[in-house]
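As structure tokens, the structure follows; a few thoughts come after it.
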Amino acid sequence: MIELKNVSKVYKNNHIALSNVNFKVQKGEFVFLVGPSGAGKSTILKLLMKEIEPTSGDIVVNNVNITNLKRKEIPYYRRSIGVVFQDFRLLPDKTVYENVEFAMQIVEASHKDIKKRVPQVLDMVGLYSKQKNYPHQLSGGEQQRVAIARAIVNNPKLLICDEPTGNLDPDTAQEIMSLINDINKSGTTVLMVTHAKDLVDRMKKRVIAIEKGVIVRDQQRGVYGYED
Amino acid sequence: MIELKNVSKVYKNNHIALSNVNFKVQKGEFVFLVGPSGAGKSTILKLLMKEIEPTSGDIVVNNVNITNLKRKEIPYYRRSIGVVFQDFRLLPDKTVYENVEFAMQIVEASHKDIKKRVPQVLDMVGLYSKQKNYPHQLSGGEQQRVAIARAIVNNPKLLICDEPTGNLDPDTAQEIMSLINDINKSGTTVLMVTHAKDLVDRMKKRVIAIEKGVIVRDQQRGVYGYED
Amino acid sequence: MRINTIKYYIKESLKSVYRNRIMSLASITTVAATLFILGVFMALAINVNRFAANVEDMIEITAFLKDDVTTLKQQELERQIREIQGVVSVEYESKEKALEKFKEQLGENKDLAKGLEESNPLPASFIIKVDSPDSVEYVSPRIAQLEGVLKVKDAKKTVQTIGKLVKIVRYSSTVLMIILGTISIFLISNTIKLTVFARKREISIMKYIGATDWFIRWPFILEGLLLGLIGGFIAALIVENAYTYAANAIKHNIMIFTLVPPQEAVKQFWWQFSLLGTLIGGFGSYISIRRFLSV
Amino acid sequence: MRINTIKYYIKESLKSVYRNRIMSLASITTVAATLFILGVFMALAINVNRFAANVEDMIEITAFLKDDVTTLKQQELERQIREIQGVVSVEYESKEKALEKFKEQLGENKDLAKGLEESNPLPASFIIKVDSPDSVEYVSPRIAQLEGVLKVKDAKKTVQTIGKLVKIVRYSSTVLMIILGTISIFLISNTIKLTVFARKREISIMKYIGATDWFIRWPFILEGLLLGLIGGFIAALIVENAYTYAANAIKHNIMIFTLVPPQEAVKQFWWQFSLLGTLIGGFGSYISIRRFLSV
Ligand SMILES: Nc1ncnc2c1ncn2[C@@H]1O[C@H](COP(=O)(O)OP(=O)(O)OP(=O)(O)O)[C@@H](O)[C@H]1O
Ligand SMILES: Nc1ncnc2c1ncn2[C@@H]1O[C@H](COP(=O)(O)OP(=O)(O)OP(=O)(O)O)[C@@H](O)[C@H]1O
Ligand SMILES: [Mg+2]
Ligand SMILES: [Mg+2]
């Protein structure tokens, strides 16, 4: 599903965020990406969704080398991925409902499908009653859950989550985690960046650890493995 | 130091975020404010810094009833508090250094003091080497730490933190927590909203728990106490 | 494109106008204000050109006739003059008419001409109008050659000066018009650029979620069209009313000089300006949004 | 206010101009473009007013004298006329001069006046200039009463019409000027409002950290001043050069009609417009930022 081949990323100010990163994720896998603050985790996710371009190396998603994608093809590629951004990226002028709806509108889903699916997803993340609120009328954790709802609404083949539980209390975090686990079980590949040691340790999934832009550990049924 | 008397907050869309909240925090205390997503934690903090006004009730900080503050007095009141916002609120057009510097400029600190203090604080949060980056050139955890640096740079008498470790890995979170603990020990009152169960449990500080806008527990040397 | 999507575009653009009220208002008023200035200038230019045309009409060549020209000969001459290229009209003025006119010219001193009536020394003449000041130079010598013509008067210097003046007025009002039009477009698109700029984060988020360029563009373009249309229409409305008011006021105050009647001058403005506003608005949005789509 | 803080304000405003390049450019060009239009209109108005003044100057009263007026009597008359309120100048025209002028008027037909030379029927006259078209009505009858005056010619109708026309031109160019000035200010402040709007989040963050209103305002105001100054200066520069160019071009092409020389018309623009731009820029920023400070 995903393959990074010798990927390096040097930012404009010459900061080396990734150097020679190699890994493969199979279809249907659930992978945690862990590492200290500033290690390069978000950089990998940004590369995967073409927010930024690698300085060198190739990235293959779904058998397509995305470094060669034409400008026109990028939107369609992005639609095949559900992304929960670390900074949420909700549309400030749209309500909760509209934010989720928007993700379906861009793929030109039918009115009927939208009307059925959006409330369903909002219910899954526990925000059915907040659907008329604007993002600035939500708590941090609620905003984060809207971002999650938007990422999963189109049943993407690949779900990328950047710290999806950073603003959630442990109980809600646990719920969201099982939700994502369910989605994974129904066939969606999941790549998740997280600092939630407890959850990682408990889920016993594959863990890729990265430090200062280098992969230091890649472990099946792994643990978070830092601290103490 | 802080006293909330019968404070209620009803948002414009008639959502009752807080109802009849009462608590007191003594000078020099370290208090955790915990509760599920959407419980009203950030609402309390926003009330304390006059981002929003209570629907009813009184808030007294440092023997001043802040509900009666004149418009002119608000900036000076706010300067006496260091705040780490849940959404960071960094100035996008200023570098890391300038963001922290700005908090000192508004209190008209001398050039000499600024030049000494800012690098010192940046070093404390581990961002000395990132001082020339703009916020969009930082990782999520790094942005959070800039927000922390800015909050503590003026040695405030009261430090309010909204989820200051949500985007930090456990190790870095631990470091930041001990930093804040040190600041507390030197006399600063600390009020912290957090979901970091581990840290709360370990620190054995006072814990106020809130659910659906109502205080449900207020415990000296408490624990996070949710989950399972 | 699904019907659904088109509905979405329309709904979205309307919502956006409302939600970004401050920016919408700024856009509309900018379009209205700049097109208003353009309209005032255009109304002025129309009047100046009309005035210039009137001045041109006043240019005439006078051909004095010898006293021995018979009525037959005179008719023959008139025919010949008419055939010259550039001649628009020829009018005969008898010796008697000439004396009368001369007396009129003397005005209150007309007693002075008393002695002239018995043996009228003034010659009969043809008064000839030509199609443009430039034609005078061609027509004049040709008339002078004709038999029976005593002398030709064409006020060459005056004609040349008027011709040049009219040209300058026409030329400079056209240049000003073009400059003003360009500035209007520029000012409006500046405003649109700023309103789009304020929403660049929104645009980039849409792109990251997988929206195509056109999916993002359409609501913006429709919004631009709508705001431009409203602004243009308002401008036309104000210009038209102000002009009609001014034309009436002037008509009542001084008889001699009048503005070109509103029906001719500004009656077309409402659709011209609405169209112009719409085009600038839509195109301005299209251009302004471009840079933010490349994420 | 510490020196330190003032330095900060200045540094901050300069940085901000650079960091918000797109918005800065939009502001400068908007100021420049609107003031340019204003400048063109002002230059036009100056010329129209000058032209109107020239037309006014052409108004004169002619007082024809009886043939029996002696030189002494004539001098006495001139003194009396000069004393009338509103009279600016009095010029004597002898019978001989009158005949000469008459011949000139006849132009190429001057042979017609041949017979008149022996017994010149034309009267001597005074040509009187007054300070305004309105004075004619007062001066004329007073001259007519004087002994030795045969008749007074004052072209009452023409005078009235010209007077009205001049008034209308003056009045409407003033009104247009005021409207245009208002629109300029409005357009510029619209643009400033949008640039401030794009930074409202920044402003609110500063407030939340504890910055006072004036601490936030100063850099914005300085920025507005600076951008306004630059824009105004550019506008003045363009108007001045364009005007000088046009004045020269017209001077070479038609002698009779010239523009008011640039030294008189536009030489003051550079500081007037710089000042105007600066004021609008600074004040516009002050106004625009106000609403966002209330957090
Ligand atoms: N646009 C940029 N320009 C320069 N440096 C950047 C830029 N974006 C990120 N960086 C740097 O690259 C490094 C990796 O950033 P990244 O966002 O991938 O970290 P992360 O692993 O997601 O950290 P966190 O857990 O704190 O979110 C960081 O040190 C950051 O400062
Ligand atoms: N401006 C607003 N208008 C309407 N409702 C609001 C507004 N701000 C917050 N709320 C609602 O008030 C409730 C409390 O919000 P608050 O931000 O205090 O939650 P919180 O305890 O900080 O949650 P979290 O841990 O997720 O940040 C939430 O349900 C939220 O939806
Ligand atoms: Mg990150
Ligand atoms: Mg919160």
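Lettering follows sequence order; numbering is per chain, from 1.
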Segment of [X] engaging chain D (4.5 angstrom heavy-atom cut-off):
X        : value
B:Phe88  : neither
B:Ala109 : backbone
B:Phe85  : side chain
B:Ser80  : neither
B:Leu90  : backbone

More than 12 heavy atoms from other groups under 6.0 Å of [atom1] on [X]:
X        : atom1 : value
D:Lys167 : NZ    : no
B:Ile16  : CD1   : no
D:Phe283 : CZ    : no
D:Phe233 : CZ    : no
B:Asn63  : CG    : no
B:Tyr11  : OH    : yes

Counting only heavy atoms closer than 4.5 Å, note whether D:Ser294 contacts chain B via side chain, backbone, both or neither. both
If I measure from the heavy atoms of chain B, does D:Lys7 come under 4.5 Å with its side chain, its backbone, both, or neither? neither
What residues form a side chain to side chain donor-acceptor pair (under 3.5 Å) with D:Arg217, not counting sequence neighbours?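 Applying side chain to side chain donor-acceptor pair (under 3.5 Å) to D:Arg217 gives none.
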Pick from B:Lys72, B:Met49, B:Lys94: which one has the most heavy-atom pairs with chain D under 4.5 Å?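 Top option by heavy-atom pairs under 4.5 Å: B:Lys94.
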For the interface with chain D, which of B:Gln105, B:Lys50, B:Arg150 has the highest count of heavy-atom pairs at distances below 4.5 Å? B:Gln105
From the list D:Thr212, D:Ile216, D:Ile209, side chain to side chain contact (heavy atoms under 4.5 Å, CB included) partner of B:Pro75 resolves to D:Thr212
Looking at CD1 of B:Ile74 and OH of D:Tyr208, how far apart are the two atoms once the value is rounded to the nearest 0.5 Å?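 With rounding to 0.5 Å, CD1 (B:Ile74) is 10.5 Å from OH (D:Tyr208).
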Point-to-point distance, once rounded to the nearest 0.5 Å, from CG of B:Asp93 to CZ of D:Arg199: 7.0 Å
Are the side chains of B:Arg89 and D:Arg201 in touch, meaning some heavy atoms are under 4.5 Å apart? yes
Aromatic ring pairing B:Phe102/D:Tyr8, orientation class (parallel under 30°, perpendicular over 60°, tilted between): tilted
Is it true that B:Glu98 and D:Arg19 make a salt bridge, defined as a side-chain N closer than 4.0 Å to a carboxylate O? yes
What I want to find out is whether D:Asp213 reaches B:Arg71 closely enough, with some N-O distance under 4.0 Å, to be called a salt bridge.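 Here D:Asp213 pairs with B:Arg71 in a salt bridge, since their nearest N and O are under 4.0 Å apart.
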Taking all heavy atoms of D:Gly210 and all of B:Arg79, pick out the closest pair and write down the distance. O-NE, 2.8 Å
